[in-house]
Amino acid sequence: MDHGAPELTIGFLTFNLSTVLMLVITAIIVFLIAFIATRNLKLKPTGMQNFMEWVMDFVKGIIKNNMDWKTGGRFHILGITLIMFIAVANLLGLPFSGIVIDGQLWWKSPTADPTVTLTLASMVTVLATYYGIKMRGTKHYFGTFVQPMSFLLPLKIIEEFANTLTLGLRLYGNIYAGEILLGLIAGIAGTGVLGFLGGLIPGMAWIGFSIFIGFIQAFIFTMLTMVYLSHKVSADH
Amino acid sequence: MNLDYLVLGAEAGHFNGGDVLATLIIFLILMVLLKKFAWGPLMGIMQQREELVAGEIEAAENARIESAKALEEQKVLLKEARTEAQAIIESAKKQGEVQRDEIITAARTEANRLKESAVREIETEKEKAIAAVRDEVVSLSVLAASKVLGKEISEEDNSALIKETIAKAGEAK
């Protein structure tokens, strides 16, 4: 488990090249899936178009659960991109998890890096704050911090950070733990014939479970994004 | 914020600012590209389909209303036609009855007229016949009287004469 990370420092910015590489691969895969699925669109959908439309309707359903479509419609594209991106990112670490070159770990899920997940979570918080102020006004936005009672102000401030942290770390923890365990099982399977046979069943079970977790976490992340957004932009909160 | 000890494979103790930047940039670029190349067209086609379905439903609704109206119209027309037919039959019946009565009356009148004329003719003929018989009787009487006057005859002669007369009368007739 103690592999190095391929790092590159440009000025004051340090890049984990493995993370950047996996982010790019994730983005390319998501783009290709979406791009290929939406070629020659028809009014009567077939094949991949059906799948993409299902994803769209699914995200639309998530948004509609949290706010009315008039306010929530603008977050549709964000929601679809988030759910696709995170789902693909979560699954990406499974097939070749733990490819190590020169003692450096190159292939993993980008979401198994807390920097990535916390960046996405922070982005959501910033967006929520931005849209909250833009759509409801500055006065209303700061007013929500002392609602329903002013002594809740410290809790409300903590909540902002807690939301961001839990949103990011929940995703990270799930995927990171999944890959650690997958790495351990792969380690067992690599010890010999007996180890291979012993590791085969748990390995398959854990990969299946990880696929499930990957989708569920993508759904939860998108769901919570919409919950936080609706807290800020909806009139009844 | 030092998270590197949590990163799979990371061990150095510094903040990966580059990863934050890379994540944001890659995600935002992906979102923009997808909006342009995938979600935009897909949303467009879904919108189009929604409109199409709404239009079709509206058209179907309109067609339904129209057909209901047409049906109502046809019903009214049928009713009218039926009433009219009934009226025509009724009037034809009435006319037929009237005509029948007329014909019967005319026939009866004609029959009466014929009967009367026949009776009159019979009367006339009868009178004529009576007159003729009377004339005959007169002439026979005259003949018989002249015979009686012309010759004194016996009973036998008398009877022969009568017979003769009668025979003559028969001849004369």
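Only this structure's heavy atoms are used, side chains among them; waters, hydrogens and symmetry mates stay out. Chain identifiers are assigned alphabetically (A, B, ...) following the order of the sequence lines, protein sequences preceding nucleic acid strands; residue numbering begins at 1 within each chain.
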Heavy-atom contact with chain B under 4.5 Å, split by part of [X]:
X	value
A:Ile36	neither
A:Pro110	neither
A:Thr38	side chain

For the atom pair [atom1] ([X]) and [atom2] ([Y]), what is the distance rounded to the nearest 0.5 Å?
X	Y	atom1	atom2	value
B:Ile26	A:Ile28	CD1	CD1	9.0 Å
A:Thr26	B:Phe27	OG1	CZ	11.5 Å
A:Gln49	B:Met46	CD	CE	8.5 Å
A:Lys42	B:Arg49	NZ	CZ	11.0 Å
B:Thr23	A:Met123	OG1	CE	10.0 Å
A:Met56	B:Trp39	CE	CH2	6.5 Å

Atom group of [X] that falls short of 4.5 Å from chain A, counting heavy atoms:
X	answer
B:Gln47	neither
B:Met31	both
B:Leu52	side chain
B:Leu21	side chain

Inset, instruction - Give a yes or no on this: more than 12 heavy atoms of other residues, nucleotides or ligands lie within 6.0 Å of atom CD of B:Glu66. - result: no

Inset, instruction - Decide if atom NZ of B:Lys35 counts as having more than 12 heavy atoms of other residues, nucleotides or ligands within a radius under 6.0 Å. - result: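 At most 12 heavy atoms, drawn from other residues, nucleotides or ligands, come within 6.0 Å of this atom.
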
Inset, instruction - List the atom of A:Phe85, the atom of B:Leu30, and the distance in Å for their closest heavy-atom pair. - result: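 Taking every non-hydrogen atom into account, CD1-CD2, 3.4 Å.
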
Inset, instruction - Over all heavy atoms of both residues, which pair between A:Val30 and B:Leu34 is shortest? Give the atoms and the distance, please. - result: CG1-CD1, 3.8 Å

Legend entry - Residue, of A:Val24, A:Val20, A:Leu82, A:Leu17, that accumulates the most heavy atom pairs under 4.5 Å with chain B: A:Leu82

Legend entry - Sub-4.5 Å side-chain heavy-atom contact between A:Leu41 and B:Gln48: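 Side-chain contact under 4.5 Å: no.
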
